[in-house]
S.K.: 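Right, I'll just put the structure down here and ask away after.
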Amino acid sequence: MSEQIRIVVAGSERQVGAGTTAADLFADDPTVIAARVGGTLVDLARVLADGDDVEPVAIDSRDGRDILRHSTAHVMAQAVQELYPEAKLGIGPPVENGFYYDFDVAEPFTPDDLKSIEKKMQQIVKERQSFVRRPVSDDDARAELASEPYKLELIGLKGGGAEAAAEGASAEVGAGELTIYDNVRPDGELAWKDLCRGPHLPTTRNIPAFKLMRVAAAYWRGSEKNPQLQRIYGTAWESREALKDYLDRLAEAERRDHRKLGRELDLFSFPDELGSGLPVFHPKGGVLKREMEDYVRRRHLEEGFQYVGTPHITKQGLFETSGHLPYYAEGMFPPMELEGSSYYLKAMNCPMHNLIYRSRGRSYRELPLRLFEFGSVYRYEKSGVVHGLTRVRGMTQDDSHSYVTQEQAADEIRHLLNFVLGLLKDFGLDDYYLELSTRDPESDKFIGTDEQWEVATRTLEEVGKASGLELVPDPGGAAYYGPKISVQTRDAIGRSWQMSTIQLDFNQPARFELEYQAADGSRQQPVMIHSAKFGSIERFIGVLTEHYAGAFPPWLAPVQAVGIPIADEHVPYLERLAAKLREHGIRVEVDDSDDRMQKKIRNAQKQKIPFMLIAGDDDVAKDAVSFRYRDGSQKNGVPVDDAVAEIVDAVKRRIQV
RNA sequence: GCCCGAAUAGCUCAGCUGGUCAGAGCAACCGCCUUGUAAGCGGUAGGUCGUCGGUUCGAAUCCGACUUCGGGCUCCA
């Protein structure tokens, strides 16, 4: 009888023979592809030690998918090096929904190359190559990987610095000893190897479904100063069905693309003549924009904000005072020279609001003083980042600045956060988490003292935590003048968008020498809190369009109802109904075109109009109308007064239908 | 800004390797027709093929630059 060890398997204690591997424990469950021993993910081949606490890791769990994707990335790298032996390896970590691997190759990959790489990968998967872990010393690793310059660089970075050095790098080199994974064919021949922390799937055969998605360039270790590598993105899933679901989700996202819907629904466009990132809103998009602005303006007033207005350009000095020019100049359009001065397009509204604050003496009795406007700002976004309405060069922020005493800051942040969340809910967005963006102590792009940052960050953190929402750290993500909390909103298909931001700022009040007179007669410096509720009107419209897939709730819908006659003779009847609806402010049209009724329904459906009001002889006889809704359902013979009431009610309550 | 890809009628797209290749559907316009929940029929008009150069006897097609868009990197509301 061999020696026995005691281990804990999935919570219950067991006695097994020495030399037992994790694979032995879970041999009857093919979905288990790795294990967690004492909290650390390990290969199934790991030999267990006495006292180990072992949990199975299923391929469809979060960790399991990461391992699957990481292993698939290895298979891809192997395929690439078999097809392009001169390709040098970068890093290849799992990412959200997939993986990538970076390669240094002389010629960029083409879509055809992807096909051949994918084919080669399928061969490797079929071959059932084992992933075999092999610890190596640093020196041995250097010797083995002498022809892989990027890997050598990673070996040098091993330890705590690896992840900081390059996102994903810790997937290659962990904090402990280095390991190399050998891909071994069933006959024992070494097929390929890569420096890797692991763990991996037992064999390539454990990859049920994968697909290469696209190729792109990426800077080595994420810095513009470094050479660009060719990055191939792929995805891998625990089953063919899961892969198909994922591809379907991508297709759904494409159907919802606001750039496409904006064109189809005649909401907005991006004329080349204007330049990149400068959208125009068409009448229907204008309705959407105006409804939003009207509502948001009203809500600001209700929450104690005062509406102000400021110009789009200013002399250079203002942005020097604010600190924008020294710290933010590359994000601004270059200046216009006139009358001996340099004028800049406004990139942020805060300096102007500061001038309003400073226009006369302020009393502590006035605080919190809340200034708000739809401020148009222009930012010189780099040409490669402009994207539809979500990343533009000219935008309107629903921007406010609250000036408060030090003591009032936390309450005001709480107030702003509640206000913002309420607004988002009103627009049908009710799934979100918070992100706390702090400064990077290593960087010199942040101004102010350590203590100021410390206090500001702590204040935001406390309010964020107290909100009960998930609070995710975002180190280094702060604005140069202060830390911020942002609300990340998840849309109808689960994507998250950064919308609202609340930023605490101790710096600008000092730079502008803002002050108020306190109760004791002393002069004190206020704290300033920046807040954009939707971030920008443009981005918000883009996000809303995708969230609703263009089928806006009635209160926002550019056309809320359309009258569709069965025959021409029913047009006057519908016109009378439309007039009644217009008395209640409903945006209604009657389709009196030459099209047949069926075609009119199709058109209205494609325009995603919430209420189709159909009338023929039957309806006219009963002083009624028949509803067709966007989902294709219908409600016939509704008395006209009831019909009007239903539509008016839906708009008033801002519900979705 | 960097890398790769793309740009043909208002929209979606054909047009392979340079020589009747300037086309289709939808939309628009004009007629005719139209009584029950996603496309009635016929006709008309519309593009110097993103722009500017180049190669060529000849360029939508090949080359270069620029503009704009897409996917990434970096950055960001």
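Letters A, B, ... mirror the listed sequences (proteins, then strands); counts begin at 1.
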S.K.: So which heavy atom on A:R393 is nearest to which on A:E381, and how close?
M.R.: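 Smallest interatomic distance, heavy atoms only, reads NH2-O, 2.8 Å.
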S.K.: If you go through the side-chain atoms of A:R391, does one of them form a donor-acceptor pair with the base of B:C75 closer than 3.5 Å?
M.R.: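 Under the 3.5 Å cut-off, the side chain and the base do form a donor-acceptor pair.
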S.K.: When you compare B:A9 with B:G5, how far apart are their C1' atoms, in angstrom units rounded to a whole number?
M.R.: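 It comes out at 24 Å once rounded to the nearest Å.
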S.K.: Measuring only the P atom in each nucleotide, how far is B:A22 from B:C26? A whole number of Å is fine.
M.R.: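 The same atom, P, in both gives a distance of 23 Å.
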S.K.: Looking at A:Y101, A:Y100, A:F210, which one forms a ring pair (Phe, Tyr, Trp, His ring centres under 6.0 Å) with A:Y233?
M.R.: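 So the option named by the test is A:Y100.
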S.K.: How would you label the contact of A:F540 with the nucleic acid (heavy atoms, under 4.0 Å): base, sugar-phosphate, or nothing?
M.R.: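 Touches nothing.
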S.K.: Look at all strands and tell whether A:K484 reaches a base, only sugar-phosphate, or nothing, counting heavy atoms closer than 4.0 Å.
M.R.: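 Result for A:K484 = sugar-phosphate.
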S.K.: With respect to the side chain of A:E381, which nucleotide from B:C76, B:G71, B:U34 is positioned closest?
M.R.: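 Given the options B:C76, B:G71, B:U34, the side chain of A:E381 is closest to B:C76.
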S.K.: Both distances under 3.5 Å, Watson-Crick or G-U wobble: report the partner of B:G58, or none.
M.R.: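 Paired with B:G58, as far as the under-3.5 Å criterion goes, is no nucleotide at all.
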S.K.: If only side-chain N and O atoms of A:Y480 are considered, is one of them under 4.0 Å from the OP1 or OP2 phosphate oxygen of B:C76?
M.R.: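 False: A:Y480 side-chain N/O out of range (4.0 Å or more) of B:C76 OP1/OP2.
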S.K.: Should A:S383 be listed as having a side-chain N or O under 4.0 Å from OP1 or OP2 of B:G1?
M.R.: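 So the side chain of A:S383 is within the cut-off, an N or O lying under 4.0 Å from OP1 or OP2 of B:G1.
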S.K.: If you look at every strand shown and take non-hydrogen atoms under 4.0 Å, does A:S536 touch a base, only sugar-phosphate, or nothing?
M.R.: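 Since a base atom lies under 4.0 Å of A:S536, the category is base.
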S.K.: Searching all strands shown, indicate the nucleotide that pairs with B:C11 (Watson-Crick or G-U wobble; both distances under 3.5 Å).
M.R.: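 Matched B:C11 with B:G25 under the 3.5 Å cut-off.
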S.K.: List the protein contact pattern of nucleotides 36-43 of chain B with one symbol per nucleotide (5' to 3'): B for base contact, S for sugar-phosphate-only contact, - for none; contact means a heavy-atom distance under 4.0 Å.
M.R.: BBBBB---
S.K.: Please measure how far the P atom in B:C57 lies from the corresponding atom in B:G10, and state the result in whole Å.
M.R.: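 Approximately 35 Å lies between the P atom of B:C57 and that of B:G10.
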S.K.: Would you kindly check if the NZ (Lys) or CZ (Arg) of A:K533 is within the cone defined by 45 degrees around the ring axis of A:F305 and under 6.0 Å from the six-membered ring centre?
M.R.: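 Satisfied, under 6.0 Å and within 45°.
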S.K.: Can you tell me, in whole Å, how much space there is between the C1' of B:U34 and that of B:G40?
M.R.: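 Taking atom C1' in both B:U34 and B:G40, they lie 8 Å apart.
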S.K.: Taking the six-membered ring of A:Y307 as reference, does the cationic atom of A:R297 (NZ for Lys, CZ for Arg) lie under 6.0 Å from its centre and within 45° of its axis?
M.R.: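 Judged by the rule (NZ or CZ under 6.0 Å from the ring centre, within 45° of its axis), A:R297 counts as positioned above A:Y307.
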S.K.: What's the CG-P distance between A:D592 and B:U34, to the nearest Å?
M.R.: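 Going from A:D592 (CG) to B:U34 (P), I get 18 Å.
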S.K.: Under a plain distance cut-off of 3.5 Å, with no hydrogens placed, do A:Q230 and A:D102 share a side-chain donor-acceptor pair?
M.R.: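 On atom types as modelled, these side chains do not qualify, holding no pair under 3.5 Å.
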S.K.: With RNA chain B as reference, determine whether A:Q498 or A:H387 sits nearer its 5' end, using the nearest nucleotide of each.
M.R.: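 With A:Q498 and A:H387 compared, the 5'-side residue is A:H387.
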S.K.: Is there a donor and acceptor pair, one atom on the side chain of A:Y219 and one on the base of B:G1, closer than 3.5 Å?
M.R.: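 Present.
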S.K.: Across all strands shown, which nucleotide pairs with B:G53 by Watson-Crick or G-U wobble geometry, both distances under 3.5 Å?
M.R.: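 When the pairing criteria are applied, B:C63 turns out to be the nucleotide that pairs with B:G53.
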S.K.: Using the ring pair (Phe, Tyr, Trp, His ring centres under 6.0 Å) rule, pick out the option among A:F419, A:F534, A:F374, A:Y295 that qualifies with A:H300.
M.R.: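 Considering A:F419, A:F534, A:F374, A:Y295, a ring pair (Phe, Tyr, Trp, His ring centres under 6.0 Å) with A:H300 is found only for A:F419.
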S.K.: Could you tell me how far apart A:I232 (CD1) and B:G5 (C1') are, to the nearest whole angstrom?
M.R.: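 A:I232 atom CD1 is separated from B:G5 atom C1' by 15 Å.
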S.K.: My understanding is that a pair needs two contacts under 3.5 Å, Watson-Crick or G-U wobble. By that rule, which nucleotide pairs with B:C2?
M.R.: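 Check on B:C2: paired to B:G72, both distances under 3.5 Å.
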S.K.: Sort out the partner of B:G42 for me: Watson-Crick or G-U wobble, both distances under 3.5 Å, none otherwise.
M.R.: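 Matched B:G42 with B:C30 under the 3.5 Å cut-off.
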S.K.: Heavy-atom nearest nucleotide on RNA chain B for A:M395 versus A:L278: which residue maps closer to 5'?
M.R.: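 Per heavy-atom nearest nucleotide, the more 5' residue is A:L278.
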S.K.: Looking at the side chain of A:K382, which of B:A77, B:G1, B:U68 is the nearest nucleotide?
M.R.: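 Looking only at heavy atoms from C-beta outward on A:K382, the closest nucleotide is B:G1.
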S.K.: Looking at every strand, decide which applies to A:M612 at a 4.0 Å heavy-atom threshold: base, sugar-phosphate, or nothing.
M.R.: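 No contact at all - A:M612 keeps every heavy atom at 4.0 Å or more from the nucleic acid.
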S.K.: Could you walk me through whether A:F319 and A:Y328 satisfy the ring pair (Phe, Tyr, Trp, His ring centres under 6.0 Å) test, starting with their C-alpha distance in whole Å, then the side-chain angles of each, then the deciding distance to 0.1 Å, before giving a yes or no?
M.R.: CA-CA 9 Å; A:F319 285 126; A:Y328 193 75; 9.0 Å; no
S.K.: Look at A:R263 and B:U12 and indicate whether a side-chain polar atom (N or O) is within less than 4.0 Å of OP1 or OP2.
M.R.: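 Answer is yes, contact under 4.0 Å.
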S.K.: Within the modelled atom types, does a donor on one side and an acceptor on the other bring the side chain of A:Q228 and the base of B:C2 under 3.5 Å apart?
M.R.: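 Answer is yes: a donor-acceptor pair is held.
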S.K.: What's the NZ-C1' distance between A:K260 and B:C11, to the nearest Å?
M.R.: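 Result: 10 Å.
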S.K.: B:G72, B:G1, B:C76: which one has an atom nearest the side-chain heavy atoms of A:R539?
M.R.: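 For the A:R539 side chain, the nearest candidate turns out to be B:C76.
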S.K.: Looking at side-chain heavy atoms only, is the closest gap between A:V625 and A:L577 below 4.5 Å?
M.R.: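 Side-chain contact under 4.5 Å: yes.
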